[in-house]
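Everything on this sheet refers to the single structure shown next.
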Amino acid sequence: GAGVSQSPSNKVTEKGKDVELRCDPISGHTALYWYRQSLGQGLEFLIYFQGNSAPDKSGLPSDRFSAERTGGSVSTLTIQRTQQEDSAVYLCASSPRLTGKNEKLFFGSGTQLSVL
Amino acid sequence: SQQGEEDPQALSIQEGENATMNCSYKTSINNLQWYRQNSGRGLVHLILIRSNEREKHSGRLRVTLDTSKKSSSLLITASRAADTASYFCATDAPGANSKLTFGKGITLSVRP
């Protein structure tokens with residue numbers, strides 16, 4: 001595709017339910033990042049992938065959060081037993097290589113998650 | 001924790017004026033990047049300046065970097081209403097496991 005695609009664009013769920021957020025990066029981009037942005041706040045790093053491997057999971061807020069990437073392409077972020085504090089915009093970004101190589105990030109439009 | 005801290009938090013100017021936004025950071029960096037965000041959704045990359053560069057231009061954008069003061073500024077010249085957005089600085093630090101660390105952003109309003 002032309003850009004990073006995220007789905008759904010909006011998700012409303014009830015507290016305690018599980019949700020899956022999907023990210024389809026730009027074709028050929030080996031690095032994929034997940035960030036979270038709460039209302040009026042900056043971006044909080046969650047996790048990144050180099051290929052299918054996630055070397056740094058330290059940003060995941062709790063063990064209710066998990067992410068995977070398959071085939072070096074699509075990634076899913078899963079939040080189990082959602083809580084109201086999980087409400088935020090979840091942003092996915094990709095880059096041709098890791099940002100340590102002076103790469104810029106290409107962002108998707110995000111998934112607005114609302115936990116009632 | 002936040003690496004980049006933008007200043008001011010909000011800025012309102014008249015169309016045609018210049019907008020200057022500042023970013024300070026705490027640790028050494030490989031590069032510093034500026035992004036724009038419209039409508040609270042996806043971010044768009046504006047410009048990247050490497051640690052060995054002091055100034056960079058792109059169209060109406062001018063970015064400076066002072067590594068001795070650990071600070072950067074983004075200047076938008078001849079602002080337009082369409083420049084209204086939130087602007088974020090992001091740093092790429094050595095040993096930061098290849099992740100960009102973003103500040104909280106600056107809300108710029110350009111009045112027609």
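Values reported hereafter were calculated over all heavy atoms of this structure, with side chains retained and with hydrogens, waters and symmetry mates removed. Each chain gets a letter, A, B and so on, in the order the sequences are listed, and its residues count up from 1.
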To the nearest 0.5 Å, what is the distance between CG on Leu91(A) and CZ on Phe102(B)? 9.0 Å
If only atom types and distance count, is the side chain of Gln33(B) paired as donor or acceptor with the main-chain N or O of Glu103(A) below 3.5 Å? yes
Evaluate the side-chain proximity of Tyr35(B) to Phe107(A): yes if any heavy-atom separation is below 4.5 Å, no if none is. yes
Could you measure the distance from the NZ atom of Lys104(A) to the CD1 atom of Ile47(B)? Nearest 0.5 Å is fine. 10.5 Å
Is it true that atom CZ of Arg80(B) has more than 12 heavy atoms of other residues, nucleotides or ligands lying nearer than 6.0 Å? no
Determine whether more than 12 heavy atoms belonging to other residues, nucleotides or ligands lie under 6.0 Å from atom CD of Gln14(B). yes
Region of Tyr35(A) that comes under 4.5 Å of a non-hydrogen atom in chain B: side chain
Would you check if Leu43(B) and Leu43(A) make a side-chain contact, meaning some heavy-atom pair closer than 4.5 Å? yes
For atom CG of Leu116(A), is the number of surrounding heavy atoms from other residues, nucleotides or ligands below 6.0 Å larger than 12? yes
Decide if atom CD of Gln9(B) counts as having more than 12 heavy atoms of other residues, nucleotides or ligands within a radius under 6.0 Å. no
With a 4.5 angstrom heavy-atom cut-off, which part of Leu48(B) approaches chain A: side chain, backbone, both or neither? side chain
